[in-house]
Q: 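Dropping the structure in here first, questions after.
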Amino acid sequence: QAQLRESGGGSVQAGGSLTLSCAASGFNYRDYCMGWFRQTPGKEREVMAVIDRDGSASYAESVKGRFTISQDNTKNILYLQMNSLKPEDSNMYYCAAEKPAGDGTCPDLEYWYGMDYWGKGTLVTISS
């Protein structure tokens, strides 16, 4: 069974840093596009960062220059390094996997409407 498990969330002061991890299992990690999104229950989902199977990454404007997505393909682990955190970054953070298109390409960040798999999330709280 496919499973994504996020970890690394916590409470930090504004301006601080946090690294999130996502352990993937139950599916062929290297065949999927991976990403991170955050969402408050009842609110809109915000896809923050995605990484292609070749390692290329894209970011939402709200986190560009502050967040970095990376992965360890040998261990099936996805990371999100978050720097210069702001109170408005407070949210539940999720990692997600999405199947690439038929030609093997990953969708652009704004087209990550339906993910194939996602985890239970990890809570990030940024205080002033």
Side-chain angles (χ1 to χ4, degrees):
Q1 181 176 354
Q3 183 178 52
L4 296 173
R5 180 148 48 190
E6 302 93 341
S7 62
S11 180
V12 297
Q13 290 285 105
S17 299
L18 207 58
T19 300
L20 306 182
S21 299
C22 172
S25 62
F27 66 100
N28 193 347
Y29 180 91
R30 298 192 181 193
D31 288 342
Y32 281 74
C33 312
M34 301 297 298
W36 290 92
F37 70 90
R38 57 192 181 189
Q39 185 176 29
T40 297
K43 303 297 182 180
E44 295 182 354
R45 173 189 301 169
E46 180 185 16
V47 179
M48 301 168 291
V50 298
I51 188 166
D52 207 336
R53 294 179 297 121
D54 65 359
S56 61
S58 298
Y59 301 92
E61 288 297 323
S62 60
V63 306
K64 189 175 297 182
R66 300 189 297 122
F67 291 10
T68 302
I69 187 172
S70 62
Q71 61 190 347
D72 184 341
N73 288 327
T74 66
K75 298 181 178 180
N76 294 354
I77 300 178
L78 183 72
Y79 302 98
L80 184 67
Q81 176 65 49
M82 306 186 294
N83 299 321
S84 301
L85 287 163
K86 307 173 182 179
E88 51 263 44
D89 290 321
S90 297
N91 217 322
M92 187 70 71
Y93 284 65
Y94 303 84
C95 66
E98 184 165 330
K99 291 182 291 185
D103 61 359
T105 60
C106 292
D108 292 336
L109 183 146
E110 60 266 32
Y111 293 105
W112 276 58
Y113 298 126
M115 294 83 170
D116 292 288
Y117 313 116
W118 61 89
K120 295 181 179 180
T122 185
L123 182 62
V124 172
T125 302
I126 312 302
S127 59
S128 300

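When a residue number appears, it is its place in the shown sequence, counting from 1.
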Q: Checking the side chain of N76 only, and the main-chain atoms of S25 only, is there a donor and an acceptor separated by less than 3.5 Å?
A: no
Q: Looking only at heavy atoms, which two atoms of K43 and Q39 are closest? And how far apart?
A: O-NE2, 3.1 Å
Q: Just grab all the ring pair (Phe, Tyr, Trp, His ring centres under 6.0 Å) pairs involving residues 34-83, residues at least two apart or on different chains.
A: F37-Y94
Q: Keeping to residues at least two apart or across chains, list the side-chain hydrogen bond (donor to acceptor under 3.5 Å, both in side chains) pairs with something in residues 119-128.
A: Q13-S127
Q: Between A49 and L80, what is the shortest heavy-atom contact and its length?
A: CB-CD1, 4.3 Å
Q: Are I69 and V47 connected, step by step, through hydrophobic side chains (Ile, Leu, Val, Met, Phe, Trp, Tyr) whose heavy atoms are closer than 4.5 Å?
A: no
Q: Which value, rounded to the nearest 0.5 Å, describes the distance between I77 atom CD1 and K75 atom NZ?
A: 6.0 Å
Q: Membership question, hydrophobic clusters at under 4.5 Å side-chain separation (ILVMFWY): are V12 and Y93 in the same one?
A: yes
Q: Which Ile, Leu, Val, Met, Phe, Trp or Tyr residues join Y113 in one cluster when any pair of side-chain heavy atoms under 4.5 Å counts as a link?
A: Y111
Q: Which residue pairs pass the salt bridge (charged side-chain N to carboxylate O under 4.0 Å, His left out) test when at least one of the two sits in residues 65-74, sequence neighbours left out?
A: R66-D89
Q: Given side-chain contact (heavy atoms from CB on, under 4.5 Å), test T19 with M82 step by step and report yes or no.
A: CA-CA 6 Å; T19 300; M82 306 186 294; over 6 Å; no
Q: Rounded to the nearest 0.5 Å, how far apart are CD1 of I126 and OG of S11?
A: 7.0 Å
Q: Does CZ in R45 sit with more than 12 non-hydrogen atoms of other residues, nucleotides or ligands closer than 6.0 Å?
A: yes
Q: To check you understand the geometry: which heavy-atom pair defines the closest contact between M92 and G121, and what is its length?
A: SD-C, 3.8 Å
Q: Hey, what do you get for CG (L18) to CD (Q81), rounding to the nearest 0.5 Å?
A: 8.0 Å
Q: Go through the structure and list residues passing side chain to side chain donor-acceptor pair (under 3.5 Å) with S17, not counting sequence neighbours.
A: N83
Q: Output every pair passing salt bridge (charged side-chain N to carboxylate O under 4.0 Å, His left out) with a member in residues 46-60, not counting sequence neighbours, ordered by first then second residue.
A: R38-E46
Q: Test: ring pair (Phe, Tyr, Trp, His ring centres under 6.0 Å). Region: residues 4-30. Which pairs qualify, not counting sequence neighbours?
A: F27-Y32, F27-Y117
Q: Is any side-chain heavy atom of L78 closer than 4.5 Å to one of I51?
A: yes
Q: S84: what forms a side chain to side chain donor-acceptor pair (under 3.5 Å) with it, not counting sequence neighbours?
A: none
Q: Listed by chain and number, what are the side-chain contact (heavy atoms from CB on, under 4.5 Å) partners of T105, not counting sequence neighbours?
A: A101, D103
Q: Please list all pairs passing the disulfide (SG to SG under 2.5 Å) test where one or both residues lie in residues 94-128, with sequence neighbours left out.
A: C22-C95, C33-C106
Q: With sequence neighbours left out, write down each residue that passes salt bridge (Lys or Arg N to Asp or Glu O under 4.0 Å) with K86, or none if nothing qualifies.
A: none
Q: For residues 6-15, pull every pair meeting salt bridge (charged side-chain N to carboxylate O under 4.0 Å, His left out), keeping only residues two or more places apart or in separate chains.
A: none
